[in-house]
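Structure, as structure tokens:
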Protein chains: 2
Amino acid sequence: MRNIPSNRFDDGRGSAVRISDVARHAGVSPSTVSYVLSGKRSISESTTRRVRESIEALGYQPHAGARSLASRRTNVIALVVPLRDDVHVPVAMRFAVSVVTAARTHDHDVLLLTQGEGPDGLRRVAGSAMVDGVIVMDVEADDARVPVLRSLDLPSVLIGVPEDTAGLTCIDLDFAAAGALCVDHLADRGHTDIAFVGQPPSVYQRRTGFAERTLTGFESAAARRGVRATPHPCSPDTADEVAGALLRDRPGLTGLIVHNEPSVGPLLEAFTEHGRTAPDLSTVVIGPAPAGLPKLTSVDLPAEELGGRAVGLLMDKIDGLGEPGTTLLEPGLTDRGSTARRA
Amino acid sequence: MRNIPSNRFDDGRGSAVRISDVARHAGVSPSTVSYVLSGKRSISESTTRRVRESIEALGYQPHAGARSLASRRTNVIALVVPLRDDVHVPVAMRFAVSVVTAARTHDHDVLLLTQGEGPDGLRRVAGSAMVDGVIVMDVEADDARVPVLRSLDLPSVLIGVPEDTAGLTCIDLDFAAAGALCVDHLADRGHTDIAFVGQPPSVYQRRTGFAERTLTGFESAAARRGVRATPHPCSPDTADEVAGALLRDRPGLTGLIVHNEPSVGPLLEAFTEHGRTAPDLSTVVIGPAPAGLPKLTSVDLPAEELGGRAVGLLMDKIDGLGEPGTTLLEPGLTDRGSTARRA
DNA sequence: TTGAAAGCGCTAACAC
DNA sequence: GTGTTAGCGCTTTCAA
């Protein structure tokens, strides 16, 4: 019915300018345009300039599918984000955003996979060549995705550390050191009776790496320093309960290590109501301190750095560089005054 | 250096089984395999079965890039998630997860775009044909992405409603009705002095659709019902301040409408400390009630339904179905006992 | 109901 | 330093 011949703005894509259009416009061959774009061949400055001008003039954007078919590279990475209800969403989101941001600086996009699909999601995106690599978060000691990752020959980086790291590239905060750092900080200030308020029980039950390692670090440091130290799993709903139990059963308590973001508020309120504040009670938090709360001494979780470095490691693997191995970031403790020398 | 001929497990993809391998194995042509997969042609039952068995036996997974090149369909949608620090992250994440889950039921994956790239991100993924459509969240009244969307001829759905909706497909909770519903609920119970604790000031400044419309609904309902009603923007850091100001300046206050998830806790604590609880003070929340708090009467934000329906609308648009238009979900108020008839 | 074959738009090996 | 061209693996006419 249409008598107007179809033109390059008429095909359903925003712009159907192809590489051959650019080549013609610049008076070069398509491969030259391709090489200007990829930098895989040295091109004279004048040609480069002409090509770039033509790209600009025509608004050329390479077709991602064609590119991936020809080059076996998609410039997309997958990110598996946790969505269990026992993970702290804002922290997960900080990781996700830092991964996306870092990926963009490496000219990659991010495909979002949820944990719901489990190992099958990995098989699917790998098998259909949708992504160049994958970043997996919230890794458990005996994670079902790890064997799949091993069998897939898809470049991958884990944010978190499973039990058996053979052949894997992992990065995480050194949570064991973080737990120990908190104990040492308090023990150095004379505290001998310390409680560790941790993650929800389910997190330990599924043996989530970071939680398990923090607890281990806490316990061995406590043993080393000879302080009384007890672990208390805790979820937001049970924060008041846990606080009540501590207030009732542990009158001598002077140190509190909280490795549970959303419970910090309720916990401290409960203690405050009973007149237990600094310097009578010293508190250290592992993780980002919630907004709206007084500043607390804490071991910060460097989510942005972890996400960025995970992407960097993955890019190296995609390029065939880098060795498998585990990187643990040294924790740092920032004193914000919520801990004090014991009276 | 290798003397072993490359086989289908040897090329860097997990499996390099191609459609021609399946065709040979099943004794049919490649196109028949394609049609079995797409259902775009009727195939005899016996052929269908043989093809499916071969696919299964060989573990065939179509190459996404090749498919998108040939069919002009990627089976990927983009999702633009907000990452401003004034948006409530857990709610944003609920949307994201429901979008991913719904997209998977339509055989699509989700590419994660952050607001950071703004309109350019949309141009990029559209221009390089990476996605079949896009879902945009956190829409402002005069959103810079809207004109881009209009110019792009990329199927899109907005979760949220800009000022000018011409040609757009939008879906959201009817926040104006939600605001009015809360006022009516309180006015019906004899309350004549009501405060509306809203989003952070910046949210109104950038004219975020849902915040603006809730406030409008609140104010016009208050005028209609002839009750004293004042708006109070609020961020988590200023919750205590806002509570203090209300306690000081509004002794006659008996009704509280809170449209600010993270501030609910601090706010209610402040009031409770001054003995202001139900039935003396009636509280309605708009949004999901935070875990760990007593049950509150609320107008729930149906994030899962919104996300799922947004994907449904987008799939229709991708298939060339459906008309532009705005869908507003009717809000529902669930009475959980935090409101009472005025003494 | 099925097959043959022509692209889809790009990259990279090969040629100069 | 640059051009020619053979695919990459799939979908979809066209033909039977």
Side-chain angles (χ1 to χ4, degrees), chain A residues 6 8 10-51 54-55 58-75 127-130 132, chain B residues 6 8 10-51 54-55 58-76 107 127-130 132:
Chain A
S6 82
R8 67 178 214 274
D10 200 17
D11 79 328
R13 270 225 283 156
S15 134
V17 181
R18 288 145 306 164
I19 199 169
S20 56
D21 298 319
V22 176
R24 196 174 316 116
H25 187 273
V28 298
S29 74
S31 63
T32 296
V33 178
S34 175
Y35 285 121
V36 166
L37 251 20
S38 70
K40 290 185 179 173
R41 180 192 256 188
S42 66
I43 306 278
S44 77
E45 187 162 331
S46 67
T47 302
T48 301
R49 191 171 32 68
R50 278 208 326 286
V51 168
S54 297
I55 288 173
L58 301 181
Y60 170 66
Q61 294 183 265
H63 187 287
R67 179 173 265 186
S68 91
L69 179 56
S71 70
R72 316 196 136 265
R73 286 276 228 126
T74 63
N75 278 37
S128 56
M130 297 186 74
D132 297 333
Chain B
S6 80
R8 67 178 215 276
D10 201 17
D11 79 328
R13 270 223 285 155
S15 134
V17 182
R18 288 145 307 167
I19 199 169
S20 57
D21 298 319
V22 175
R24 196 174 317 116
H25 187 274
V28 298
S29 73
S31 62
T32 296
V33 177
S34 176
Y35 283 120
V36 165
L37 251 21
S38 69
K40 290 184 180 174
R41 179 190 258 188
S42 68
I43 305 279
S44 76
E45 187 162 331
S46 68
T47 302
T48 300
R49 192 169 32 68
R50 279 209 323 287
V51 168
S54 297
I55 287 173
L58 301 181
Y60 170 65
Q61 294 183 264
H63 187 286
R67 179 172 264 187
S68 90
L69 179 56
S71 70
R72 316 195 137 265
R73 286 272 230 131
T74 63
N75 277 37
V76 175
D107 197 31
S128 57
M130 297 186 75
D132 298 331

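Just so it is clear: chains get the letters A, B, ... in the order the sequence lines come, proteins before strands, and each one is counted from 1.
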Atom-to-atom span, [atom1] of [X] to [atom2] of [N] - whole angstrom:
X	N	atom1	atom2	value
B:Q61	D:dC10	CD	P	11 Å
A:L69	C:dG7	CG	C1'	12 Å
B:N75	D:dG9	CG	P	19 Å
B:I55	D:dC10	CD1	P	10 Å
A:H63	C:dG7	NE2	P	17 Å
A:R73	D:dG9	CZ	C1'	19 Å
B:R24	D:dG9	CZ	P	12 Å

Are OP1 or OP2 of [N] and a side-chain N or O of [X] less than 4.0 angstrom apart?
X	N	answer
A:R72	D:dG9	yes
A:S68	C:dC10	no
A:K40	C:dT11	no

Completion exercise
Per the under-4.0 Å heavy-atom filter, residues of residues 25-37 of chain A near DNA chain C come out as A:S31, A:S34, A:Y35
Exercise for the section: Looking only at side-chain atoms of A:I19, point me to the closest of C:dT11, C:dC8, C:dG3. Expected result: C:dT11
Problem - Residue whose closest nucleotide on DNA chain D lies nearer the 5' end, B:R67 versus B:R41 - result: B:R67
At their closest point, which heavy atom of [X] faces which heavy atom of [Y], and how far apart are they?
X	Y	value
B:G65	B:H63	N-ND1, 3.1 Å
B:A23	B:S29	CB-C, 3.6 Å
A:Q61	B:G127	OE1-CA, 3.1 Å
B:R50	B:A26	NE-O, 3.1 Å

Practice task
Would you mind reporting whether B:T47 and B:Y35 have side-chain heavy atoms less than 4.5 Å apart?
Solution key: no
Exercise for the section: If a pair satisfies salt bridge (charged side-chain N to carboxylate O under 4.0 Å, His left out) and one of its residues is in residues 31-41 of chain A, list it, with sequence neighbours excluded. Expected result: none
Exercise for the section: Scan B:T47 against the nucleic acid and name what it touches under 4.0 Å (heavy atoms): base, sugar-phosphate only, or nothing. Expected result: sugar-phosphate
Practice task
Starting from the 5' end of DNA chain C, give me the residue, B:A70 or B:E45, whose nearest nucleotide shows up first.
Solution key: B:E45
Practice task
Using side-chain hydrogen bond (donor to acceptor under 3.5 Å, both in side chains) as the criterion, list what pairs up with A:S68, not counting sequence neighbours.
Solution key: none
